[in-house]
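The chains referred to below are lettered A, B, ... by the order of the sequence lines, with proteins before strands, and numbering in each begins at 1. Keep in mind the model is a prediction, meaning the values are calculated, not measured.
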There are 2 protein chains.
Amino acid sequence: MATSITVHDVAKAAGVSASTVSRALSGNTAVAAETRDRVVEAARQLGYRPNLAARGLITGTTHNIGLVVPDLENPYFASITKSVQSRALAAGYSVFIADSDEDIRTELELVHQLSKQVDGLILCSPRMAASDIAAVAGQTMMVLINREWEGLTSVVVDDAEIIRLALEHLHALGHRHIAYVGGPEKSWSNQKRWAAIERIAPTFDDLEVGKVGSYAPNFDGGQSAADVVVASGATAALAYNDLVGLGILARLTTRGIRVPEDLSVMGIDDVNVATLVSPGLTTVRSPLKKVGRSAVNSLVDLMNPTDRHSAPEDLPVQLVVRQSTSVPQQHS
Amino acid sequence: MATSITVHDVAKAAGVSASTVSRALSGNTAVAAETRDRVVEAARQLGYRPNLAARGLITGTTHNIGLVVPDLENPYFASITKSVQSRALAAGYSVFIADSDEDIRTELELVHQLSKQVDGLILCSPRMAASDIAAVAGQTMMVLINREWEGLTSVVVDDAEIIRLALEHLHALGHRHIAYVGGPEKSWSNQKRWAAIERIAPTFDDLEVGKVGSYAPNFDGGQSAADVVVASGATAALAYNDLVGLGILARLTTRGIRVPEDLSVMGIDDVNVATLVSPGLTTVRSPLKKVGRSAVNSLVDLMNPTDRHSAPEDLPVQLVVRQSTSVPQQHS
DNA sequence: TTGTAAGCGTTATCAC
DNA sequence: GTGATAACGCTTACAA
């Protein structure tokens, strides 16, 4: 907190006025080459760093963005956060992070706290009510991840394609009775995925997909669900996400139920940890790094309407077959 | 970006002056109760939110802090980040997040970028040179996690105790030849852990601990190390952290080497994913949530020298025995 | 108790 | 090309 050096200090050192310093360093207006060098040198010597808050006050732009996620300890959001931060850095933005801990009230509070000190906000898998999203969107530039709302820019992976790939894989192996283990009710992705199942399942011959409750989107949730899945008589479980899938895997192992011999298990997303376990978890990979990058790009486009917009990336999903799925085996 | 409402708007609506609005809302100076209510009500109706940047300009305090970590996708740092953000929110601070991706140059750049717009900085497991840390510490309030430097506040877990618990456990099981799988050379924790091993190992009867290279502190690093560990002839591996431990586990499984029958494996930290695998990874738990919280507390104390300081928490570590360690078995 | 005025560090406007 | 000057939104002496 050592009193920092200002434009005036640099101005004095370089023998020019404050405005010239500003111009020389931000390079917007023409400055005599010789003067500029002198200013730059003085600034370097003094270790001058512009006060961004003060600059933002007048330019109306902070060069900060905010990212709100439900749970940083969920590797899915950790990956997205990492790529958001990385892309933001490259684009010259700093990132406020906010973890709502899956709580709607906290989420809303964080959004408000942040909205005044950023140029734009990225809401990742927001659980809040649509009306609240709309209200905030009126105040701040905003990009949504894993949720859509009229008029707002969204980055979403193709849930229908994910479901199609998963069902196709399991059906091809011979499974005819599958249990979908649902995530949070408020999760938009969860709703989309189940809707996709209801639409797509009938397109496969003789395929029945049942829904098993709603569980927390993490390892514990999967553990809770496992026994219900077994009782349902399904030969394969398709989990809301990888963490739930891993939870199911763990509980089945504990019970001595073999995967994939007795029951096949699939996750969704292919988060980093999906490869850590054995048997490895078959899953459908989402391009998380691309999702984060794309969200930042869209937000930057939104915030700088003059610039040439970057072309929207497409976000291909991809089946990743590991050892947790196989042909169902009739026993006894 | 809709032009936001200012103190003046509220002032006009409430029929008072801007300064009265400021006083009424921040509550520092006395304001007539009746006036205050009128102002508060007007502010609420207009949805007024103070511009923190402008406030910071005059008060010299931004109520923002910055957190720099080596890798958000590493669950160890994800946990710390989550608890930092959570505690910061409670203390009235917003958090800038910066992921250096284990790169020293990026780390330094991020620190500089952030240092001007925060009241304080938390550097988590910084890899940068001590001289650079010192330089930044001269400019900004700072708390270190997992690193110590003269005069700076640090939050560190007791590496010596971690090592003692781990060696005690393995030695008690009967292991006499252990391989320590090292993390990044620049990692201060890694250095401390190895130093602790050299100091503590001799206190156990007939115990030999060898060091196996330096590996990336993640799953891939562990996979790379596994074969070298096997070749070393050790009956147990103590990994730099859980991720490395999991990597070793996975590679051993692939090679058909049984854990713990053929080789015992231990991790350090007990990150969330350590329980996902089977066999579960024996490890020494660090109180990550407490670490993050404690760092924020210390930083807040530093930034508000007037306030009563919170008592420093102690950070107990704890052995967590799972299935990846057992008595070594002589085969053939 | 309240209003007026000054100023935080910057950049934008307008003269020169 | 460069220097005064005003202004961004806010807080805080200082007056009233």
Side-chain angles (χ1 to χ4, degrees), chain A residues 1-40 42-43 46-64 92 113 115-119 139-140 306, chain B residues 1-40 42-43 46-64 113 115-119 139-140:
Chain A
M1 187 113 323
T3 27
S4 44
I5 41 262
T6 76
V7 269
H8 295 97
D9 300 322
V10 180
K12 197 166 298 177
V16 295
S17 82
S19 20
T20 301
V21 173
S22 171
R23 284 187 284 249
L25 295 177
S26 53
N28 296 327
T29 321
V31 177
E34 191 265 341
T35 333
R36 197 195 52 237
D37 292 347
R38 198 147 35 94
V39 171
V40 169
L46 292 169
Y48 168 74
R49 300 242 161 198
N51 181 324
L52 299 178
R55 172 183 295 170
L57 203 51
I58 178 143
T59 61
T61 161
T62 63
H63 270 218
N64 293 151
Q113 179 177 105
S115 66
K116 297 300 287 195
Q117 39 189 341
V118 299
D119 294 343
Q139 309 253 30
T140 315
T306 57
Chain B
M1 185 117 323
T3 27
S4 43
I5 43 262
T6 76
V7 271
H8 296 97
D9 300 321
V10 180
K12 197 166 298 173
V16 294
S17 82
S19 35
T20 302
V21 172
S22 170
R23 285 187 282 248
L25 295 177
S26 53
N28 297 327
T29 321
V31 177
E34 191 266 340
T35 334
R36 198 195 51 238
D37 293 347
R38 196 146 37 93
V39 171
V40 169
L46 292 168
Y48 168 74
R49 300 245 161 196
N51 180 324
L52 299 177
R55 171 183 295 170
L57 203 50
I58 176 147
T59 61
T61 161
T62 62
H63 272 196
N64 292 152
Q113 180 177 105
S115 67
K116 296 301 287 195
Q117 40 189 340
V118 299
D119 294 343
Q139 308 253 29
T140 314

Quiz item: Does the B:His63 side chain pair with the main chain of B:Leu52, one donor and one acceptor, at a distance under 3.5 Å?
Solution: no
Quiz item: Please give, in whole Å, the distance from D:dG3 C1' to A:Arg38 CZ?
Solution: 14 Å
Which atom pairs, one a donor and one an acceptor, fall under 3.5 Å between side chains of residues 8-17 of chain A and the rest of the protein, sequence neighbours left out?
{"unit_1": "A:Asp9", "atom_1": "OD2", "unit_2": "A:Thr6", "atom_2": "N", "d": "2.8"}
{"unit_1": "A:Ser17", "atom_1": "OG", "unit_2": "A:Ser19", "atom_2": "N", "d": "3.4"}
{"unit_1": "A:Ser17", "atom_1": "OG", "unit_2": "A:Ser19", "atom_2": "OG", "d": "3.1"}
{"unit_1": "A:Ser17", "atom_1": "OG", "unit_2": "A:Thr20", "atom_2": "N", "d": "3.4"}
{"unit_1": "A:Ser17", "atom_1": "OG", "unit_2": "A:Thr20", "atom_2": "OG1", "d": "3.3"}

Self-check item: B:Thr35 vs C:dT2: side-chain N/O to OP1/OP2 distance below 4.0 Å
Solution: yes
Quiz item: In whole Å, what is the span from the CG atom of A:Leu57 to the C1' atom of D:dA6?
Solution: 13 Å
Self-check item: Between C:dT11 (C1') and A:His63 (NE2): distance, integer Å
Solution: 13 Å
Quiz prompt | A:Thr62 OG1 to A:Gln117 CD distance, which is reported to the nearest 0.5 Å | solution = 8.5 Å
Quiz item: Tell me, for nucleotides 10-16 of chain D in 5' to 3' order, what letter each nucleotide earns: B for a base near a protein heavy atom under 4.0 Å, S for only sugar-phosphate near one, - for neither?
Solution: SBBB---
Quiz item: Nearest-Å distance, NZ (A:Lys12) to P (C:dG9)?
Solution: 12 Å
Self-check item: Spacing of B:Lys116 atom NZ relative to C:dC8 atom P, expressed in whole Å
Solution: 15 Å
Exercise. Report yes if the side chains of B:Ser4 and A:Lys116 come closer than 4.5 Å at any heavy-atom pair, otherwise no.
Key: yes
Quiz item: If you measure from CG on B:Leu57 to CZ on A:Arg55, what distance do you get to the nearest 0.5 Å?
Solution: 13.0 Å
Quiz item: Can you check the A:Gln117 CD to D:dC8 C1' distance for me, whole Å?
Solution: 17 Å
Quiz item: For A:Ser115, what residues pass the side-chain contact (heavy atoms from CB on, under 4.5 Å) criterion, not counting sequence neighbours?
Solution: A:Leu121, A:Thr140
